Structures are given as structure tokens and as C-alpha cells.
Amino acid sequence: MELDYHPEVQDVTIRRPQLKLQEGVSFPAWVADNWETVKNFQAKPDDLLIATYPKSGTTWIQEIVDLINQNGDVKMCKRAAVYERIPFLEFFMSPFPTGIELIEKMASPRVMKTHLPIQLVPKSFWEQDCKIILVARNAKDCLVSYFHFNRMTESMPEPGTWSEFIQKFMEGRVSWGSWYDHVKGWWEAKNKHRILFLFYEDVKENPRREILKVAEFMEKVLEEDAIEKIVHHSSFEVMKGNPMVNYTTIPMTFMDQNISRFMRKGEVGDWKNHFTVSQNEDFDEHYERQMGHSSLKFRNVL
Ligand code: PPS
């Protein structure tokens, strides 16, 4: 299906990056090569960080947080693309401004996103005791979404075939490393810091309930009218058609949405359309070894 593109920077050539290890975690070279700058980022006490493993509902929560900050004012949330309103901390891809350049131009209180595992979050966030919203999504749906994303964007390494990508995911040989370590790390720290731990599946099940949780965490009181607007405008169908969140403002040479849309399906359990019985068995066995001892339990994974 042809999409309506509105790229701000048209003339851009992106070459797929290599994966590079940084402090034992795999990153696209554009993150690993800028590591010192990320590490030395100076957070402010009223910064709000949205942290996720990739493809876990980051953009969804970004839009919800901005809608809450704007009291449900949809027009205000269309003032810029989501990656400008809530920049990506470790983004360094020429000719686009870096995430940190965008963050440093923002007025406080600032909201930003990261995919970093907890042990690699710049230490200033802990020194400043910043609030953090963590969103986690079940491994299989996350993997499916990540596979399609890796196919459509030149900002990620080649995914290889579906079965190769499953293997890479299980071994943590994908951008931002092991899903298992990522979610377990954040889960274990959630009571030691100001962290709101959310599940994609919960937001899908009852968006209103989860939006209210986020608002309470942000210490925002919302009128009923605003809550209804936020629920509506953060729904998959509405976000899918909103160029300010569906990434159609990005040039096709960066994200080719004719290969796969950024707002692809937005469902729980789409993995069942991808895994073969034997792939599922292997995955489950490996999953049990990685997650069996953890108190972190996801729904819809079996
Ligand atoms: S990224 O690139 O890491 O920031 O991607 P991220 O935003 O974390 O994840 C993209 C997936 O989230 C889905 N999505 C949604 N699902 C339900 N409701 C809403 N409103 C919504 N917005 C985004 C998006 O469709 C991607 O999942 P898949 O399974 O690929 O559809």
C-alpha cells in the first residue's frame, strides 16, 4: 500500500550499521561509536525517562505521556513528530539532529526515550532521582515486531531470515542486546528507584486504567473529558493514521513502510502467525532457562 510521506529531510542515504559491543551489550554502531557522549549526558531532576526494549510500545507511551502533559489537547500533540517532542537519548544518525541536541533545546520538564538496559543508563539519571516509565512487552510479540522493523529500516543491521533472526534474538545478537537481560534488569530495580513498570499487554487490555496509572505517576490530575480524548487518540487505529506518530515523516530511504509499516499490527499474540511449532518449542525451552527463576511473568506467551 502506498503511504503518504512527508519527510522533512528528503535527500538522505543511510547505510545499515554493524552491530558493535559496548560494555558487553550489542548496539548499532551509531550508538556504540558515541558511547562517551551518552554516558556523560546530564539529566535534570524533573526529567522523565521512557525506557523500553525496542518494539515494546515506546511510541505508544510517548504519545500517552505527551497527551497527559497537554491535558488531552490533540492539536498541541501534533506540534511536531513524536521523536522531536520526546527525543531518543542515544540517537546519532547524520543528517538528523542527535537526540541529545534535541533534548538540550527543550524547556523543562523534559521527556525523553531510551532503549538502554538499566546498567547502562547514564548515572546522572540516578543522581537526580529522575522518574522513569518502563514498558515491557512479551518476548515473542516483541521479536516479531523487531524482525519486521529490522527489515524496513536501514538504521538497523540486516535481520537475515526469520529463523536466523529468532536465533539472534535468543542470543542477544540484536540491537540493544538481550531482551531477557533487559527486562529482568529493569524488573529487579523497579522498587529501588522511581520506576513505573508497565506491560504492553496491560495497556492493550485496559488503556484507560493504564493511562490513569501513568497520569498518577506524573502527578497530573485529568478531567474526564481529557481522559476520554487521551484514550481515543492513543488507540492503535488513530495513531496509525497520525503522521506525527506513525513515522511517515521519516524519509523512505530510512524507513521503507512499503516493506512493513511502523504501526504494523499493534496486537497481542501476533507471534502465533509467525512461529512454527518447532520454533515455538525451541523458544519456550530457551525462555524457561532464561526467565524461569524470575518473578517477572508475561501473559500471552504460551
Ligand atoms: S521503537 O522503534 O522501539 O520505538 O518501537 P515501539 O514504539 O517500541 O514499538 C512499535 C510497536 O508498538 C506498536 N504500537 C501500538 N500497539 C498498540 N496500540 C498503539 N497505540 C500502538 N502504537 C504503536 C506498533 O504497532 C509496533 O508493534 P507491531 O507488533 O509491530 O505492530
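The structure displayed is predicted, hence computed values, not measured ones. Whatever order the structure lists them in is the order used to number ligands and atoms, beginning at 1.
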Does a salt bridge link [X] with [Y], judged by any charged N lying under 4.0 Å from a carboxylate O?
X      : Y      : result
Glu158 : Arg16  : yes
Glu219 : Lys131 : yes
Arg79  : Glu84  : no

Are Lys113 and Phe88 in a cation-pi contact, defined as NZ or CZ under 6.0 Å from the six-membered ring centre and within 45° of the axis?
->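 Yes, Lys113 and Phe88 form such a contact.
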
Within 45° of the axis and under 6.0 Å from the centre of the six-membered ring of Phe27, does NZ or CZ of Lys20 qualify?
->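 That pair does not qualify as a cation-pi contact.
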
Which protein residues have a heavy atom closer than 4.0 Å to any atom of ligand 1, listed by chain and number?
->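 If the criterion is a heavy atom under 4.0 Å, then ligand 1 touches Pro54, Lys55, Ser56, Gly57, Thr58, Thr59, Trp60, Lys113, His115, Arg137, Ser145, Phe149, Tyr200, Ser234, Ser235, Phe236, Met239, Phe262, Met263, Arg264, Lys265, Gly266.
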
Pair Glu23-Lys39, salt bridge (Lys or Arg N to Asp or Glu O under 4.0 Å): steps then yes or no = CA-CA 11 Å; Glu23 312 210 13; Lys39 206 168 155 179; 3.6 Å; yes

